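None of these values were measured; they are calculated from a predicted model. Chain identifiers are assigned alphabetically (A, B, ...) following the order of the sequence lines, protein sequences preceding nucleic acid strands; residue numbering begins at 1 within each chain.
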Amino acid sequence: MSRILITSALPYVNGIKHLGNLAGSMLPADVYARFQRARRGAENVLYICATDEHGTPAELAALEEGLPIADYAAKYHRIQKSIYDGFQLSFDYFGRSSSPQNHALTQEFARTLWAGGHLDVRTTRQVYSNADKRFLPDRYVIGTCPHCGYDRARGDQCENCTRVLDPVDLIEPRSALSGSPDIEIKDTSHLFLKQSAFAGEIRTWIEGKKSEWGTVVTSIALKWLDEGLRDRGITRDLEWGVPVPDDIADGKLKGKVFYVWFDAPIEYIGATREWADAKGDPTAWERWWRAPDNADVRYVEFMGKDNVPFHTVGFPVTILGSNKSSNRPWKLVDEIKGFNWLNYYGGKFSTSQKRGIFMDQALEILPADYWRYYLIANAPESADSSFTWEHFAATVNKDLADVLGNFVNRVLKFATARFGSTVPAEGKDGPTEQDLAIRLERLIGLYTVQLEEMQFRKAAQELRAIWVAANEYVAVAAPWTTIKTDPAASAASIRTAINLIGLIAVLSAPIIPQTASALAEAVGLDPNKLIWPTGKAADELRKIKAGQAFTVPPVLFGKLLPDQVEAYEARFGGDS
RNA sequence: GGCAGCGUAGCUCAGUGGUAGAGCAGGGGAAUCAUAAUCCCUUGGUCGGCGGUUCAAAUCCGUCCGCUGCUACCA
C-alpha cells in the first residue's frame with residue numbers, strides 16, 4: 001500500500017484565522033486525510049501542518065499586544081491549535097516554524113544551496129525608519145502617490161489608483177508604524193535565491209502537471225514563468241527568525257534572518273521532524289521526505305491561491321537546487337490542490353471592517369460539523385464562493401437536519417417503539433434491499449472517486465445522494481405499513497435501515513466526524529475503527545447483526561431559524 | 001495599465017463540439033415512522049452581448065461589457 005503525505009498551507013501566527021482559511025486549505029486537507037486513513041490505514045497517511053511564525057506582521061502584532069515576539073508566537077500557536085482541535089482537524093502533527101527542527105533544516109537547506117552556487121549576496125536599497133529602529137517592508141511606508149495624489153498610498157502599491165509603486169516614489173514618505181517621517185534609504189546585503197536559473201526546469205515540471213492540477217494552480221504558476229522568473233531575496237533585517245549561519249558568505253550576513261517565505265515551506269519537513277522527535281523515532285521523518293526510503297510516498301499540498309507562487313516556484317527551487325548536490329533527494333510535491341477565496345456576501349472577509357466570521361466565533365455558534373459540511377459542499381474550488389447566512393441556514397436545515405438527521409431519528413425511534421432496543425432478527429432481504437444495494441454500490445463508487453480526485457463539492461453532493469437514497473429506501477420499504485400485515489418484513493427493513501446508519505457513519509466520517517462517531521456509537525460500531533467499504537454493498541448492509549443493541553441519539557442537527565439568521569447577520573456585518 | 005479566473009434556471013453551482021443539467025426555492029401529489037421531517041412528479045434558461053469557424057458552439061476563435069483576484073519586500 002502506497003503512502004500519502006498531506007500538508008495544508010501554514011496558517012500565519014498573526015491572530016485567529018477566519019473561515020476562509022479553513023475552507024481553502026486546512027479543512028479539505030483534513031477531509032482528504034480522514035478519507036485516506038479509512039481507506040489505506042492510518043499508518044499510511046501523514047497529515048502535517050504548523051503555524052507560520054516569522055515575518056514583520058507577527059513582530060508588529062506582538063508589539064501591539066505588548067508581548068515579546070516569542071511569547072506572542074507561542075500564545076497564538078496555542079490558541080490556533082485549540083481552535084483547530086475544536087474543528088476536528090486531524091493533524092498527525094501541528095508544529096511551529098520557529099521550532100529548533102526547522103531552524104536546523106532551514107540552515108541546512110541554505111548551506112547546501114550556497115555550496116551549490118544557487119545563492120548569492122546582493123546589495124539592495126531598503127527603507128529604514130530611525131524612529132522605529134527597523135527596516136520597513138515596502139508596504140509599511142506610506143506617503144502621497146505621485147500619480148494620483150492619494151495621501152495614504154502604500155510603498156508597494158497605491159490603493160487608490162492601483163498603480164504599483166516603489167517606496168522612493170512616494171512624496172513625503174513616512175513610517176506606517178510610527179508615522180515618523182524620519183526615514184532614510186540604506187544599503188543592506190541579502191541572500192538571493194537564483195530562481196531564474198530554474199525557470200526552464202520549473203516550466204517543464206508545471207507543463208507536465210497541467211492536466212492533473214487545477215486551473216487555479218497552473219495558470220498562476222505559468223503566469224509567473226511567463227513574466228520571467230526573478231531571483232528572490234531570501235533574507236531580511238529582522239530579529240525574529242532563523243539566523244543566517246556564519247559559514248554562509250563569510251559571515252557577511254551576520255544578524256540577519258531568513259525571509260519567512262524561505263523557512264515556512266521548509267517547516268513542512270520541520271514539523272514532520274517535530275512529529276518524529278515527539279514520538280521518539282527521530283529518523284521517522286526522513287522516510288517520508290527523502291529518497292530512496294520514500295519511493296512509495298505521494299505528496300499532496302493544499303492551499304489557497306495566494307500561496308500558489310511560493311509552492312510552484314519558490315519552494316520547488318529550494319528543493320531542486322538542494323537535490324542537485326544530494327544523493328538523498330528531497331520529495332517534490334506530486335499534487336497541488338489550490339482553492340479560490342471564500343467571500344462573505346460577495347466581498348472579502350475583513351478583520352479591520354469586522355466583516356465575516358472567525359473560527360473561534362464559528363465554534364461558539366455551532367458545532368464543527370455544521371461548518372465542515374457547509375464549507376466542503378460549497379468549497380471555492382473552481383471560483384470564489386460566497387458565504388451568506390441565508391445559504392448557510394438553508395444548507396444546514398435541509399441537508400443536515402432534514403435529510404440526514406431526520407433519517408436517523410425516524411428509523412431509530414420507530415425501531416425502538418416496535419422492536420425494542422436491539423436489532424430485530426425476523427424476516428429476509430427482498431427485491432427492495434437488492435435495489436438499494438445496487439444503487440448504493442454505484443453511489444459509493446462515485447463518492448469514493450470524487451474524494452480520491454479531491455473534488456470536494458462533488459463529493460459532498462454524492463454523500464448527500466447517499467443520504468437521500470436511505471430516505472427513499474425507507475419510503476419504499478415502509479416498515480410502518482408492513483408492521484400491520486407482515487411484521488417480519490418490517491423487521492427486515494429496520495435491520496437494513498440500521499445498517500444504513502452504520503454505513504452512513506463510515507461514509508460521512510471524513511466530512512462530519514463528530515456526527516459520524518455519534519452514529520457509529522448509536523448502532524454499536526467502534527467509531528475509531530471505521531473502514532472504508534470495498535466489498536459488495538449488500539454485505540455492508542448486513543454487518544450489524546440481529547441482537548445488536550442500539551440507542552436513539554439526541555437530535556443530531558438543530559435548525560437555524562429566521563430570527564437567528566437575522567441576528568447573526570447583524571452581529572457579523574452581513575448585508576442582504 | 002498588464003495578466004488570470006469567472007459570467008449557465010429566482011439562488012448556489014455542474015456541464016468544454018452533437019437534441020440544455022443538479023440541489024435549493026416555487027407548483028402538484030403520496031405517505032403519516034420521523035426534527036411538519038420524507039418520497040414522487042413538475043414549472044422555469046434566446047448558457048453576459050456581438051461577430052466568426054463548423055454539418056453542428058454553453059463548449060473553439062475574435063471582440064466588447066460586467067464581477068473578482070494577482071502584479072513578486074504582507075503572508
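The line from OH of A/Tyr268 to NE2 of A/His311 is 2.5 Å long, rounded to the nearest 0.5 Å. Between the CD1 atom of A/Ile511 and the CD1 atom of A/Ile376 there is a distance of 6.0 Å, given to the nearest 0.5 Å. Here the NE2 atom belonging to A/His54 is positioned 7.0 Å from the CG atom belonging to A/Asn102, to the nearest 0.5 angstrom. Between the CD1 atom in A/Ile142 and the CZ atom in A/Arg174 there is a gap of 4.0 Å [rounded to 0.5 Å].
Nucleotides B/G62 and B/G21 have their C1' atoms positioned 29 Å apart, rounded to a whole Å. Rounded to a whole angstrom, the distance from the C1' atom of B/A31 to that of B/C41 is 15 Å. Taking atom C1' on both B/C67 and B/A75, the two are 25 Å apart, rounded to the nearest angstrom. Using atom P as the reference point in both B/C47 and B/A9, the two lie 10 Å apart (nearest Å). For the P atoms, the distance linking B/U68 with B/U12 amounts to 15 Å, nearest Å. Comparing the C1' positions of B/A25 and B/G44 gives a spacing of 12 Å, expressed to the nearest Å. The same atom, C1', is picked in B/U19 and in B/C55; the two are 15 Å apart, to the nearest Å. Comparing B/U43 with B/C61, their P atoms are spaced 35 Å from each other, to the whole Å.
Using the Watson-Crick or G-U wobble rule with both distances under 3.5 Å, B/U53 pairs with nothing in any strand shown. In a base pair of the Watson-Crick type (N1 to N3 plus N6-O4 or O6-N4) or a G-U wobble (N1-O2 and O6-N3), with each distance short of 3.5 Å, B/A4 is matched with B/U68. Base pairing of B/A75 is not made with any nucleotide, judged by Watson-Crick or G-U wobble geometry with both donor-acceptor distances under 3.5 Å. Base pairing analysis places B/C39 opposite B/G29; the two distances defining the Watson-Crick or G-U wobble pair are each below 3.5 Å. Remark: B/A22 base-pairs with B/U12. Criterion, Watson-Crick or G-U wobble with two distances under 3.5 Å.
Comparing atom distances between the A/Ser385 side chain and each of B/G69, B/U38, B/C13 picks out B/C13 as nearest. Comparing atom distances between the A/Lys305 side chain and each of B/A72, B/G69, B/C39 picks out B/G69 as nearest.
Proximity of a side-chain donor or acceptor of A/Gln80 to a complementary backbone N or O of A/Lys17 within less than 3.5 Å is not detected. Judged by distance alone, with hydrogens and angles left aside, the side-chain atoms of A/Asp369 form a donor-acceptor pair with the main-chain N or O of A/Thr515 at under 3.5 Å. A distance-only check finds a donor-acceptor pair linking the side chain of A/Tyr370 to the backbone of A/Gly558 [under 3.5 Å]. Between the side chain of A/Thr235 and the backbone N or O of A/Leu191 there is at least one donor-acceptor pair closer than 3.5 Å. Judged by distance alone, the side chain of A/Trp240 and the main-chain N or O of A/Glu53 form a donor-acceptor pair under 3.5 Å.
Side-chain contact of A/Thr188 with A/Lys256: a donor-acceptor pair under 3.5 Å is present, judged by distance alone. Side-chain atoms of A/Asp132 and A/Ser178 include a donor-acceptor pair closer than 3.5 Å. Between the side chains of A/Ser196 and A/Asp231, at least one donor-acceptor pair of N or O atoms lies under 3.5 Å.
A salt bridge between A/Lys305 and A/Asp384 is present, with a side-chain N of the basic residue lying under 4.0 Å from a carboxylate O of the acidic one. Taking 4.0 Å as the cut-off between side-chain N and carboxylate O, A/Arg495 and A/Glu426 do not count as a salt-bridged pair.
What separates CG of A/Leu342 from P of B/C13 is a distance of 10 Å, to the nearest Å. We find that CG of A/Leu500 is positioned 17 Å from P of B/U38, with the value rounded to whole Å. One atom, CG of A/Asp384, and another, P of B/G69, lie 8 Å apart when rounded to the nearest Å. Atom CG in A/Leu561 sits roughly 11 Å away from atom C1' in B/U35 (whole-Å rounding). As rounded to whole Å, 7 Å separates atom P of B/U38 from atom NZ of A/Lys559. The OH atom of A/Tyr473 sits 17 Å away from the C1' atom of B/A31 (whole-angstrom rounding). When rounded to the nearest whole Å, the span between CD of A/Glu462 and P of B/C13 equals 19 Å. To the nearest angstrom, P of B/U35 lies 7 Å from CG of A/Asn406.
Residue contacts shown for A/Gly304 are absent, as no nucleic acid heavy atom lies under 4.0 Å away. No engagement by A/Val216 is indicated, since no non-hydrogen atom pair under 4.0 Å with the nucleic acid exists. A/Trp224 comes within 4.0 angstrom of a base, heavy atoms only. Using a 4.0 Å heavy-atom cutoff across all strands shown, A/Phe557 reaches at least one base atom of the nucleic acid.
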Might you work through the salt bridge (Lys or Arg N to Asp or Glu O under 4.0 Å) test for A/Glu453 and A/Lys458, ending with a clear yes or no?
CA-CA 10 Å; A/Glu453 293 180 353; A/Lys458 290 179 182 173; over 6 Å; no
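The list of side-chain hydrogen bond (donor to acceptor under 3.5 Å, both in side chains) pairs with a residue in residues 465-484 of chain A, not counting sequence neighbours, reads A/Arg410-A/Asn471, A/Glu433-A/Tyr473, A/Arg439-A/Glu472, A/Trp467-A/Ser508.
At a threshold of 4.5 Å between non-hydrogen side-chain atoms, the residues A/Thr448 and A/Ile444 count as touching.
Non-hydrogen atoms lying under 4.0 Å from RNA chain B are contributed by A/Asn409, A/Arg410, A/Lys413, A/Phe414, all within residues 408-417 of chain A.
Along RNA chain B, the nucleotide closest to A/Asp231 and the one closest to A/Glu381 are compared, and the more 5′ of them pairs with A/Glu381.
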Close N/O contacts between protein and nucleotides 73-75 of chain B (under 3.5 Å):
| unit_1 | atom_1 | unit_2 | atom_2 | d |
| --- | --- | --- | --- | --- |
| B/C73 | OP2 | A/Arg232 | NH2 | 2.9 |
| B/C73 | O4' | A/Arg236 | NH2 | 3.4 |
| B/C73 | O2' | A/Asp138 | N | 2.9 |
| B/C73 | O2' | A/Asp138 | OD1 | 3.2 |
| B/C73 | O2' | A/Asp138 | OD2 | 2.9 |
| B/C73 | O2 | A/Gln126 | NE2 | 2.4 |
| B/C73 | N3 | A/Gln126 | OE1 | 2.9 |
| B/C73 | N3 | A/Gln126 | NE2 | 2.7 |
| B/C73 | N4 | A/Gln126 | OE1 | 3.4 |
| B/C74 | OP2 | A/Arg139 | NE | 3.3 |
| B/C74 | O4' | A/Arg139 | NE | 3.2 |
| B/A75 | OP2 | A/Tyr259 | OH | 3.1 |
| B/A75 | O3' | A/Asp52 | OD2 | 2.3 |

Under 3.5 Å between N/O atoms: give me all the protein pairs with nucleotides 57-62 of chain B, atom names plus distance.
none

Below 3.5 Å is the cut-off: list the nitrogen or oxygen pairs between protein and nucleotides 23-27 of chain B, distance only.
| unit_1 | atom_1 | unit_2 | atom_2 | d |
| --- | --- | --- | --- | --- |
| B/G23 | O3' | A/Arg464 | NH2 | 2.9 |
| B/C24 | OP1 | A/Arg464 | NH2 | 3.3 |

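In this pair, A/Phe392 and A/Trp371 present their aromatic rings parallel. The plane angle is below 30°, not in the 30 to 60° band.
Judged by a 6.0 Å distance limit and a 45° cone about the ring axis, A/Lys194 is not positioned over the six-membered ring of A/Phe198.
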Contact state string [nucleotides 2-7 of chain B, B base, S sugar-phosphate only, - no protein heavy atom under 4.0 Å]
-SSS--
